[in-house]
Amino acid sequence: MKKFLESLLDWVYKKKCYFCRSSKEAVRMCSKCYDDMDFLPVQVNRIVEGKKVYCAGVYSKNLQKLIRGLKYHNQKDLAFYLAKFMAEYLEKITDKNDFEVIPVPIYPKREKKRKYNHMNLAGEEFCRLTNNTLNKDLIKRIKDTKPQYKLKRAQRMENLNKAFKVEKENYNGKTLLLIDDICTTGSTFEEMIKELNKNGITDIVCLAATTPFAQ
């Protein structure tokens, strides 16, 4: 009933595409704007602490606007499209669907101010699409870090030092798939992997929606 009412309201009020403003499909991202997002080649983007990191696309145009809208402008409906983009890339990497999906956590104070963690929303949609298991309780951010994009490599590592805490009792024994929106130097994944390794959790793969660096 809820889905029906939402669909009815979308039809009545002609929900517009956030990207081109077209109301033809009555969705927040029309098929044309979605298809304008380009995938990167299917290959390992980098190795971090011995773990493979994959990046689905380049941080530009519609993919950039999608992430910024979801992350900073309360466009929560866009979580589905980010998740879909990542899920389609994952299908090209593997047919495995037994991951424990770990969205990169944000500091509680920041999450309270923003009222949501955009990667948790994307993680929920991602797991619906891929039949994987979402785990938001395994690793927490315990340090209020500065925005990474302003920092150089050494500063990023110092900024993230001791930023995460693993609550191992919440580990279910599956291969972990760490997911994030942007992977620049890989330092966020690196610190999470280090902390997980300290707790004996080593079966890890990483997937970011984007990287600023085209290949």
Side-chain angles (χ1 to χ4, degrees), residues 2-46 52-99 101-104 114 116-134 149 177-184 186 188-189 205-215:
K2 183 181 177 182
K3 288 290 184 182
F4 171 76
L5 290 174
E6 287 175 350
S7 298
L8 181 62
L9 287 171
D10 287 347
W11 181 80
V12 171
Y13 292 105
K14 284 290 185 181
K15 185 182 284 188
K16 293 181 179 179
C17 175
Y18 181 69
F19 302 84
C20 69
R21 307 308 297 165
S22 169
S23 59
K24 186 176 181 180
E25 296 180 41
V27 293
R28 292 304 282 154
M29 189 173 198
C30 70
S31 54
K32 181 181 182 301
C33 289
Y34 182 85
D35 290 341
D36 280 345
M37 297 192 298
D38 294 322
F39 288 105
L40 280 169
V42 180
Q43 61 187 38
V44 176
N45 185 270
R46 67 198 70 195
K52 295 177 180 178
V53 178
Y54 295 91
C55 296
V58 178
Y59 187 60
S60 64
K61 300 179 182 177
N62 283 355
L63 190 49
Q64 181 182 42
K65 186 172 181 179
L66 191 164
I67 290 172
R68 293 187 64 81
L70 172 61
K71 191 171 184 176
Y72 300 118
H73 303 301
N74 203 38
Q75 298 295 320
K76 297 178 186 177
D77 287 353
L78 298 182
F80 168 78
Y81 302 98
L82 186 66
K84 181 181 177 185
F85 189 76
M86 297 175 75
E88 288 179 2
Y89 189 83
L90 183 69
E91 285 181 358
K92 299 175 184 181
I93 300 169
T94 178
D95 56 4
K96 178 180 172 66
N97 65 344
D98 196 28
F99 288 105
V101 178
I102 314 294
V104 169
R114 193 181 291 171
Y116 62 96
N117 175 358
H118 68 294
M119 287 313 301
N120 282 350
L121 298 180
E124 289 168 2
E125 297 289 353
F126 182 88
C127 288
R128 288 193 193 102
L129 290 166
T130 61
N131 294 315
N132 286 297
T133 303
L134 184 68
Y149 66 89
L177 179 66
L178 310 186
I179 61 169
D180 202 2
D181 53 1
I182 306 170
C183 179
T184 304
T188 301
F189 283 143
V205 180
C206 304
L207 173 63
T210 70
T211 178
F213 307 116
Q215 293 184 331

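All residue numbers refer to positions in the sequence shown, counting from 1.
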message: Within the 4.5 Å heavy-atom criterion, are Leu134 and Pro103 side-chain neighbours or not?
response: yes

- prompt: Would you find more than 12 non-hydrogen atoms of other residues, nucleotides or ligands less than 6.0 Å from Arg68 atom CZ?
  reply: no

field: Interatomic distance, Ile182 atom CD1 to Thr188 atom OG1 [nearest 0.5 angstrom]
entry: 10.0 Å

statement: One should read off an interatomic distance between Lys84 NZ and Met29 CE, to the nearest 0.5 angstrom, of 9.5 Å

- prompt: Checking Asp77 side chain against Val27 main chain: does a donor-acceptor pair fall under 3.5 Å?
  reply: no

- prompt: Looking at Ala208 and Phe189, what are the two nearest heavy atoms and their distance?
  reply: CB-CE1, 4.2 Å

query: If you look at every heavy atom in Arg21 and Arg28, which pair is closest and at what distance?
result: NH1-NH1, 4.2 Å

task: Indicate yes or no: at least one non-hydrogen side-chain atom of Ser31 is less than 4.5 angstrom from one of Glu25.
output: yes

task: Please check if atom NZ in Lys96 has more than 12 non-hydrogen atoms from other residues, nucleotides or ligands closer than 6.0 Å.
output: yes

Pairwise distance CG(Leu207) to CE(Met86) - rounded to 0.5 angstrom: 4.0 Å

field: Derivation of the side-chain contact (heavy atoms from CB on, under 4.5 Å) call for Glu88 and Phe39
entry: CA-CA 9 Å; Glu88 288 179 2; Phe39 288 105; 3.5 Å; yes

message: Taking Val104's backbone N and O only, do any of them form a donor-acceptor pair with Asp180's side chain (distance below 3.5 Å, no angle check)?
response: no

Intermediate values then yes/no, side-chain contact (heavy atoms from CB on, under 4.5 Å), Leu78 and Phe19: CA-CA 11 Å; Leu78 298 182; Phe19 302 84; 4.0 Å; yes

query: If you round to the nearest 0.5 Å, how far is CG of Asp181 from OH of Tyr59?
result: 7.5 Å

task: Show your working on side-chain contact (heavy atoms from CB on, under 4.5 Å) between Ile179 and Val101 and close with a plain yes or no.
output: CA-CA 7 Å; Ile179 61 169; Val101 178; 3.7 Å; yes

- prompt: Are there more than 12 heavy atoms of other residues, nucleotides or ligands under 6.0 Å from atom NZ of Lys92?
  reply: yes

query: For the residue pair Pro212 and Thr184, what are the closest heavy atoms and their distance?
result: CG-OG1, 3.7 Å

task: Take the angle between the ring planes of Tyr81 and Tyr34 and call it parallel below 30°, perpendicular above 60°, tilted in between.
output: tilted

field: Gap between atom CG of Leu82 and atom CZ of Phe126 - 0.5 Å precision
entry: 10.0 Å

message: For the NZ atom of Lys76 and the CD atom of Glu125, what is their distance to the nearest 0.5 Å?
response: 12.5 Å

message: To check you understand the geometry: which heavy-atom pair defines the closest contact between Leu63 and Phe85, and what is its length?
response: CD2-CE2, 3.7 Å

- prompt: Backbone N or O of Cys183 within a donor-acceptor pair of the Thr211 side chain at under 3.5 Å?
  reply: yes

- request: Name all residues meeting the side chain to side chain donor-acceptor pair (under 3.5 Å) criterion together with Thr94; count only those two or more places apart in sequence or in a different chain, and write none if there are none.
  value: none

query: Do Phe99 and Thr133 touch side chain to side chain, with heavy atoms closer than 4.5 Å?
result: no

Donor-acceptor contact below 3.5 Å, side chain Arg46 vs main chain Lys52: no

field: 4.5 Å side-chain heavy-atom contact, Leu66 and Tyr18
entry: no

message: Test your reading of the model: is there a side-chain donor-acceptor pair from Asn97 to the backbone of Asn131, 3.5 Å cut-off?
response: no

message: Could you walk me through whether Asn132 and Leu177 satisfy the side-chain contact (heavy atoms from CB on, under 4.5 Å) test, starting with their C-alpha distance in whole Å, then the side-chain angles of each, then the deciding distance to 0.1 Å, before giving a yes or no?
response: CA-CA 10 Å; Asn132 286 297; Leu177 179 66; 5.6 Å; no

